[in-house]
S.K.: 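Pasting a structure below so you can have a look.
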Protein chains: 2
Amino acid sequence: MQSYTEENYLKTIYHLAEKTINVQTNAIAEQMQTKPASVTDMIKKLADKGLVDYIKYQGVTLTEIGKNTAIDIVRKHRLWEVFLVDKLNFKWDEVHDVAEELEHIKSIELIERLDEFLGFPKADPHGDPIPDKNGRFAKTQFIKLIELKIGDQGTITGVTQHSSAFLKHLEKLGLTLGKKIQISDVTDFDGSVEILLSDKQVNISREVAKHILISSNGKN
Amino acid sequence: MQSYTEENYLKTIYHLAEKTINVQTNAIAEQMQTKPASVTDMIKKLADKGLVDYIKYQGVTLTEIGKNTAIDIVRKHRLWEVFLVDKLNFKWDEVHDVAEELEHIKSIELIERLDEFLGFPKADPHGDPIPDKNGRFAKTQFIKLIELKIGDQGTITGVTQHSSAFLKHLEKLGLTLGKKIQISDVTDFDGSVEILLSDKQVNISREVAKHILISSNGKN
DNA sequence: AAAAATTTTTAGATTTACCTAAAAATAAAA
DNA sequence: TTTTATTTTTAGGTAAATCTAAAAATTTTT
């Protein structure tokens, strides 16, 4: 059994490991709003518990057990986000902090039943995949919107940027999850993209287009 | 803002204060599965924060602020219990421990929306009243089943004993919340009560009858 | 490859919520 | 009203998670 804090470390390491193989002390410290010295202390503890592999000065990697634990927390976080948006009508940019707390409630039964109550969703309100109870992620084929060509169609199924500012921006443009879109033009000058969205036309910058995920086979 | 632990102390003091005016150190310690010395420490802290009134050796009482905080936690606890039973199909004897964790999630918005989602329930699955967001309890007129006379009718609306063993026992007898009952006989010998429950007849001991609450005007 | 910069770790403190053991206050019994 | 028992508090200590400041290791630059 892990403490609230240990769980947060595992989750942070898990997310950082999606980008780099060896996760560095400073990166963890920055992500967790704490000091490198505190991170070193905790890493030692997690290593003693067999949750991470750790060589001094060389960063950490999650062990099999550590990774499974982290995935379980991610699962809880994303299921709660679905609950907050689908059942309690929160907006997708309002759910992160509360889910951050709810993810630590430790009852296997609770999560199983919540999963069922929500209809076994495969993705959270930001389009991030929800692992099943065995920690397996559904295979998904997302393409970044920026990679589409003029005339291509698809459905918005995710984002790779979760800041409130970004999500609010998309919300205002009407670019929310599940919306069907078609590319009507790509500006040579600045790479901004013209999108056909049901009836209206919207224009987004290249930067925004980079962070929107599209699938051509419906919601997944 | 209170810590998880401080919230638990306030809640415990609140519940103990329903029975005695001045809450004693030992009573808190027993309830919280901790030592009297630890309780003294925490009481001092709560007194410094203005959440309890405390005179050495004389026990504690909640201040207005302390009481409101405690009621808010009770509100959360009971709303979550309703969620677990009504939406996730938990049995009424399975929800307490999980609700004990959920009650500490601190988001006012979350609880408002949960309350609405559940249809503003007035009582939890054990029949305990749920205060509204201003901390006010709905007036309820419960009678203990033991006080009913032969021929009296009513609806089961609560219990005053929350142990899993007791709740499981009631479950087995079919004496669950909302069930309509009629007293068909009271045994002189041991005070056990014969109950007419839809079609079948059940017999409960005097001890059990003491802990069942009845109302004659439907669910409240 | 030596010097400089960066990253990481160690050492020693602090805070929160506990604990044990002993002392002090209060309540109950003789 | 003493003595005894119970309750409560104090004193001093522990473990978890954090911190600052300084030392050590690694990486980058010259």
Side-chain angles (χ1 to χ4, degrees), chain A residues 1-17 19-62 66 69-70 73 100-101 103-104 106, chain B residues 1-17 19-62 66 69-70 73 100-101 103-104 106:
Chain A
M1 197 89 289
Q2 283 79 39
S3 75
Y4 188 105
T5 311
E6 285 168 0
E7 287 190 354
N8 278 334
Y9 271 91
L10 291 174
K11 190 185 56 167
T12 299
I13 295 167
Y14 175 79
H15 286 311
L16 289 171
K19 292 171 186 173
T20 52
I21 319 286
N22 261 46
V23 179
Q24 292 181 290
T25 304
N26 270 3
I28 299 171
E30 192 190 13
Q31 192 69 30
M32 300 205 55
Q33 310 255 60
T34 184
K35 299 290 135 106
S38 310
V39 174
T40 302
D41 284 349
M42 181 54 85
I43 284 172
K44 282 184 189 165
K45 193 178 166 189
L46 294 174
D48 285 347
K49 290 194 173 189
L51 297 164
V52 299
D53 289 318
Y54 168 57
I55 304 162
K56 269 189 193 176
Y57 295 98
Q58 303 306 133
V60 279
T61 50
L62 292 171
T69 308
I73 300 159
E100 205 79 343
E101 287 191 62
E103 72 190 8
H104 299 291
K106 41 186 159 309
Chain B
M1 197 89 289
Q2 285 78 40
S3 73
Y4 189 107
T5 311
E6 285 168 0
E7 287 190 355
N8 279 333
Y9 270 92
L10 291 174
K11 190 185 57 167
T12 299
I13 295 167
Y14 175 79
H15 285 310
L16 288 170
K19 293 170 185 174
T20 52
I21 320 286
N22 263 46
V23 179
Q24 292 180 289
T25 305
N26 272 2
I28 299 170
E30 192 189 13
Q31 193 69 29
M32 299 206 56
Q33 308 256 59
T34 183
K35 298 291 136 106
S38 310
V39 174
T40 302
D41 284 349
M42 181 55 84
I43 284 172
K44 281 183 188 165
K45 192 177 167 192
L46 294 174
D48 285 348
K49 289 193 173 190
L51 296 164
V52 299
D53 289 318
Y54 168 57
I55 306 162
K56 270 189 195 176
Y57 295 99
Q58 303 305 133
V60 280
T61 51
L62 292 171
T69 308
I73 300 159
E100 204 80 345
E101 288 191 62
E103 73 190 8
H104 299 290
K106 38 186 163 309

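Both backbone and side-chain heavy atoms feed into the values below; hydrogens, waters and symmetry mates do not.
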S.K.: When you measure from the side chain of B/Gln24, which nucleotide among C/dT10, D/dT7, C/dT7 comes out closest?
M.R.: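 Between C/dT10, D/dT7, C/dT7, the one nearest the side chain of B/Gln24 would be D/dT7.
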S.K.: Taking the side chain as every heavy atom from C-beta outward, state whether B/Val52 and B/Val23 have any atom pair closer than 4.5 Å.
M.R.: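 No. Closest side-chain heavy atoms not under 4.5 Å.
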S.K.: Hey, which of B/Leu46, B/Thr69, B/Asn8 is the one that makes side chain to side chain contact (heavy atoms under 4.5 Å, CB included) with B/Gln2?
M.R.: B/Thr69
S.K.: Does B/Lys56 have a side-chain nitrogen or oxygen under 4.0 Å from the phosphate oxygens OP1 or OP2 of D/dT10?
M.R.: yes
S.K.: Using whole Å, report how far CD of B/Gln33 lies from P of C/dC18.
M.R.: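 Between P of C/dC18 and CD of B/Gln33: 12 Å.
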S.K.: Which nucleotide in the list C/dC18, D/dT18, C/dT9 gets nearest to the side chain of B/Thr5?
M.R.: C/dC18
S.K.: What does B/Tyr4 touch in the nucleic acid at a heavy-atom separation under 4.0 angstrom: a base, only the sugar-phosphate, or nothing?
M.R.: nothing
S.K.: Rounded to the nearest angstrom, tell me the gap between atom OH in A/Tyr9 and atom C1' in D/dA16.
M.R.: 11 Å
S.K.: Given D/dT8, C/dT9, C/dT7, which nucleotide is nearest the side-chain atoms of A/Tyr54?
M.R.: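 Among D/dT8, C/dT9, C/dT7, the one nearest the side chain of A/Tyr54 is C/dT9.
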S.K.: Quick one: B/Ile55 CD1 to D/dT8 P, roughly how many Å, whole number?
M.R.: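 B/Ile55 atom CD1 is separated from D/dT8 atom P by 14 Å.
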S.K.: Is A/Gln31 close to A/His15 at the side-chain level, that is, under 4.5 Å between some pair of heavy atoms?
M.R.: no
S.K.: Who passes salt bridge (Lys or Arg N to Asp or Glu O under 4.0 Å) against A/Glu6, sequence neighbours left out?
M.R.: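 Only A/Lys45, A/Lys49 meet the salt bridge (Lys or Arg N to Asp or Glu O under 4.0 Å) criterion with A/Glu6.
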S.K.: Quickly work out the B/Glu7 CD to C/dT16 P distance and round it to whole Å.
M.R.: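 Answer to the nearest Å: 16 Å.
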S.K.: Could you tell me whether a side-chain N or O of A/Asn22 sits under 3.5 Å from a main-chain N or O of A/Gln58, the two making a donor and an acceptor?
M.R.: yes
S.K.: Of the residues in residues 34-43 of chain A, which ones touch DNA chain D at a heavy-atom distance under 4.0 Å?
M.R.: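 Correct list: A/Thr34, A/Lys35, A/Ala37, A/Ser38, A/Asp41, A/Met42.
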S.K.: To the nearest Å, give me how far apart CD (B/Glu30) and P (D/dT8) are.
M.R.: 12 Å
S.K.: OH of B/Tyr57 versus C1' of C/dA27: gap in Å, rounded?
M.R.: 13 Å
S.K.: Map A/Gln58 and B/Thr25 onto DNA chain D by nearest heavy atom, then report which one ends up closer to the 5' terminus.
M.R.: B/Thr25
S.K.: Check the distance between D/dA15's P and A/Asp48's CG and give it to me in whole angstrom.
M.R.: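 Rounded to whole Å, this separation is 15 Å.
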S.K.: Indicate whether OP1 or OP2 belonging to C/dT8 is found under 4.0 Å from a side-chain N or O atom of A/Asn26.
M.R.: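 So the side chain of A/Asn26 is within the cut-off, an N or O lying under 4.0 Å from OP1 or OP2 of C/dT8.
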S.K.: Is there side-chain contact between B/Tyr9 and B/Ile43, with at least one heavy-atom pair below 4.5 Å?
M.R.: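 No, their side chains stay 4.5 Å or more apart.
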S.K.: Check the distance between C/dC18's P and B/Ile28's CD1 and give it to me in whole angstrom.
M.R.: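 Taking CD1 of B/Ile28 and P of C/dC18, I get 13 Å after rounding.
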S.K.: Just how far is it from atom CG of A/Leu16 to atom CD1 of A/Ile21, taken to the nearest 0.5 Å?
M.R.: 12.5 Å
